[in-house]
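Everything quoted here is computed from the prediction, not taken from an experiment. Throughout, a chain's letter reflects where its sequence line sits, starting with A, and its residues are numbered from 1.
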Amino acid sequence: VTCSLLLDYHSKNGRCTEARKIFDPMTQKGIKPDATTYSILLNGCAKKGDLSGVRGLLDLMVANGIPPTHHVFNIISCAYTKGGMIDEAMHIFDQMRQQGLNPDVVSYGVLIDALCKLGRVDEAMHKFSQMIKEGMTPDVIVFTSLAYGLCSVDKWEQVEEIFYEMLDQGIHPDATFFTTIMCNLCNEGRVMEAQGLIDLMVRVGVRPNVTSFNVLMDGHCLAGRMDEAVKLLDGMVSVGLKPDSFSYNTLLHGYCKAGRIDDAFILFREMLSNEVT
RNA sequence: GCAAGCCCUGGAUCGC
């Protein structure tokens with residue numbers, strides 16, 4: 001049983017239809033897939049946005065007497081939110097409770113993120129306090145989603161509040177958290193403040209990653225300051241980070257928009273001479 | 001037997 005589990009775990013990296021080709025004969029041979037196996041397949045469907053596939057698998061697992069786990073419900077909930085069906089996703093909470101499962105941090109995280117992305121930040125904040133009331137500790141991902149939502153509706157003071165709240169709870173902000181805020185600042189043209197956040201994150205012991213730099217570079221590009229943006233490319237290399245395709249695309253786009261085609265071409269050749277992921 | 005760990009789920013950036 002565990003052998004076949006490993007089998008389709010690996011094939012998930014390719015295509016989930018491939019995985020299915022292993023899965024179906026497996027069940028025919030009387031091997032009972034467990035909840036983890038279903039999760040893996042479900043996730044494959046969910047990533048493709050194949051909601052009917054998701055529903056089919058869920059029915060199949062219930063028919064086989066495998067009770068859905070937190071992971072299973074969370075995958076389904078996430079698939080709904082990504083498909084714009086947030087009400088369906090919220091309904092998953094009820095279904096979980098019917099199965100005797102309490103929604104966990106991830107369950108809340110999925111909904112909070114979805115609400116924030118829709119700009120329904122008040123509802124997200126409500127879910128947030130609800131989860132705390134239920135004795136759960138929000139993690140850095142939940143805080144990141146909230147920060148994203150608050151930034152995008154210009155509630156900057158509240159971003160600061162949740163930042164301190166997070167620190168109070170002993171939750172360490174990570175690079176993604178800071179980068180999220182930086183990105184929103186850049187979109188408002190507040191590139192200098194975003195740059196200042198890099199200093200803050202370093203002070204609190206968080207290392208900026210490639211995305212942090214990419215966000216800042218894009219900010220400078222949008223502000224028409226290509227030379228600053230290029231400086232950051234060198235800056236990221238000098239701290240040991242490897243520019244990726246986002247980094248180069250950002251700069252190339254910036255150069256082209258600025259009409260500096262020659263510079264774009266030089267950079268393009270530089271990109272080709274480096275190994276870019 | 002007990003405990004712990006591992007594996008499946010949620011968050012950020014360009015272009016199309």
Asks: Taking the minimum atom-to-atom distance to the side chain of A:Ile75, which one of B:rU9, B:rC7, B:rG10 wins?
Replies: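 Looking only at heavy atoms from C-beta outward on A:Ile75, the closest nucleotide is B:rU9.
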
Asks: What residues form a side-chain contact (heavy atoms from CB on, under 4.5 Å) with A:Ser107, not counting sequence neighbours?
Replies: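 Residues passing side-chain contact (heavy atoms from CB on, under 4.5 Å) with A:Ser107: A:Asn74, A:Phe93, A:Met96, A:Pro103, A:Asp104.
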
Asks: For A:Asp244, enumerate each residue passing the side-chain hydrogen bond (donor to acceptor under 3.5 Å, both in side chains) test, keeping only those at least two apart in sequence or located in another chain.
Replies: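 Once residues adjacent in sequence are excluded, the partners of A:Asp244 under the side-chain hydrogen bond (donor to acceptor under 3.5 Å, both in side chains) criterion are A:Asn214, A:Ser247.
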
Asks: Scan the side chains in residues 263-277 of chain A for donor-acceptor partners under 3.5 Å anywhere in the protein, sequence neighbours excluded, and list what turns up.
Replies:
| residue | atom | partner | partner atom | Å |
| --- | --- | --- | --- | --- |
| A:Asp263 | OD2 | A:Arg260 | NE | 2.8 |
| A:Asp263 | OD2 | A:Arg260 | NH2 | 3.0 |
| A:Ser273 | OG | A:Glu270 | O | 2.8 |
| A:Asn274 | ND2 | A:Tyr248 | OH | 3.2 |
| A:Asn274 | ND2 | A:Glu270 | O | 3.2 |

Asks: With a cut-off of 3.5 Å and sequence neighbours excluded, list every side-chain donor-acceptor pair involving residues 80-87 of chain A.
Replies:
| residue | atom | partner | partner atom | Å |
| --- | --- | --- | --- | --- |
| A:Tyr80 | OH | A:Arg55 | NH1 | 3.0 |
| A:Thr81 | OG1 | A:Cys78 | O | 2.8 |

Asks: To the nearest Å, give me how far apart CD1 (A:Ile40) and C1' (B:rC6) are.
Replies: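 These atoms are roughly 13 Å apart.
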
Asks: Mind calculating the distance between CG (A:Leu41) and P (B:rU9) to the nearest angstrom?
Replies: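 Interatomic distance, CG of A:Leu41 to P of B:rU9: 13 Å.
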
Asks: B:rG10 C1' sits how many Å from A:Lys127 NZ, rounded?
Replies: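 The answer, rounded to whole Å, is 15 Å.
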
Asks: Distance only, no hydrogens: is a donor on one side chain within 3.5 Å (strictly under) of an acceptor on the other, for A:Tyr148 and A:Asp113?
Replies: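 Absent: no donor and acceptor within the cut-off.
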
Asks: State whether A:Asn43 places a side-chain N or O below 4.0 Å from either non-bridging phosphate oxygen (OP1 or OP2) of B:rU9.
Replies: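 For B:rU9, OP1/OP2 do have a side-chain N/O of A:Asn43 under 4.0 Å.
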
Asks: Listed by chain and number, what are the salt bridge (Lys or Arg N to Asp or Glu O under 4.0 Å) partners of A:Glu193, not counting sequence neighbours?
Replies: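 Salt bridge (Lys or Arg N to Asp or Glu O under 4.0 Å) check on A:Glu193 returns A:Arg190.
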
Asks: Encode nucleotides 11-16 of chain B as B, S and - characters from 5' to 3', where the letter depends on protein heavy atoms closer than 4.0 Å: B to the base, S only to sugar-phosphate, - to neither.
Replies: BBBBS-

Asks: How would you label the contact of A:Val142 with the nucleic acid (heavy atoms, under 4.0 Å): base, sugar-phosphate, or nothing?
Replies: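 The answer is base, as A:Val142 lies within the cut-off (heavy atoms under 4.0 Å) of a base atom.
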
Asks: For the pair made of CG in A:Leu111 and C1' in B:rU9, what is the distance, rounded to whole Å?
Replies: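 My rounded result for the distance is 13 Å.
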
